[in-house]
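Have a look at the structure below before the remarks.
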Amino acid sequence: MSTPPDPLDRLSALWQPPARSPRWVVWHVGGAEVLVFDREFNIPADVPDADLPEVVRRMRRAGAPEYDDYPGRRCG
């Protein structure tokens, strides 16, 4: 009998050590709100709200950068 897949497996790249400048960072949007930001696509990453605390915890443990200011490129 096989074990069911971990639902966070598809998000595991978010807390892997980067080979170059990190693609995903933790962005402190304001107050207690935190998002995962994808710097390659210049948008917040699609992380379900239910998984966000665990993803951010793993990213922090892996040493992902954290920003209070907007971490992306200017739009337009």
Pairs of donor and acceptor atoms involving the side chains of residues 39-47, under 3.5 Å and at least two apart or interchain, shall be tabulated with distances.
unit_1: Arg39; atom_1: NE; unit_2: Pro22; atom_2: O; d: 3.1
unit_1: Arg39; atom_1: NH1; unit_2: Tyr67; atom_2: OH; d: 3.1
unit_1: Arg39; atom_1: NH2; unit_2: Ser21; atom_2: OG; d: 2.7
unit_1: Arg39; atom_1: NH2; unit_2: Pro22; atom_2: O; d: 3.3
unit_1: Asn42; atom_1: OD1; unit_2: Tyr70; atom_2: OH; d: 3.4
unit_1: Asn42; atom_1: OD1; unit_2: Arg73; atom_2: N; d: 2.6
unit_1: Asn42; atom_1: ND2; unit_2: Tyr70; atom_2: OH; d: 3.4
unit_1: Asn42; atom_1: ND2; unit_2: Arg73; atom_2: O; d: 2.9

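The two residues Pro71 and Val25 make their nearest non-hydrogen contact at CB-CG2, 3.7 Å. Residue Met59 comes nearest to Leu14 through the heavy atom pair CG-O, 3.1 Å, listed as atom of the first residue, atom of the second, then distance. Trp27 and Asp68 make their closest contact through NE1-O, 3.7 Å (heavy atoms, listed as atom of the first residue, atom of the second, distance).
Taking the side chain to side chain donor-acceptor pair (under 3.5 Å) definition, one finds that Asp51 meets it with nothing, sequence neighbours left out.
Around CG of Asp6, the count of heavy atoms belonging to other residues, nucleotides or ligands within 6.0 Å exceeds 12.
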Item to complete: Could you check Leu8 against Trp15 for side chain to side chain contact (heavy atoms under 4.5 Å, CB included), going step by step and ending with a plain yes or no?
Response: CA-CA 11 Å; Leu8 293 174; Trp15 57 82; 4.0 Å; yes
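With hydrogens and angles left out, the side-chain atoms of Glu66 and His28 include a donor and acceptor closer than 3.5 Å.
Hydrophobic cluster membership differs between Leu35 and Val55, with clusters built from Ile, Leu, Val, Met, Phe, Trp and Tyr side chains linked at under 4.5 angstrom.
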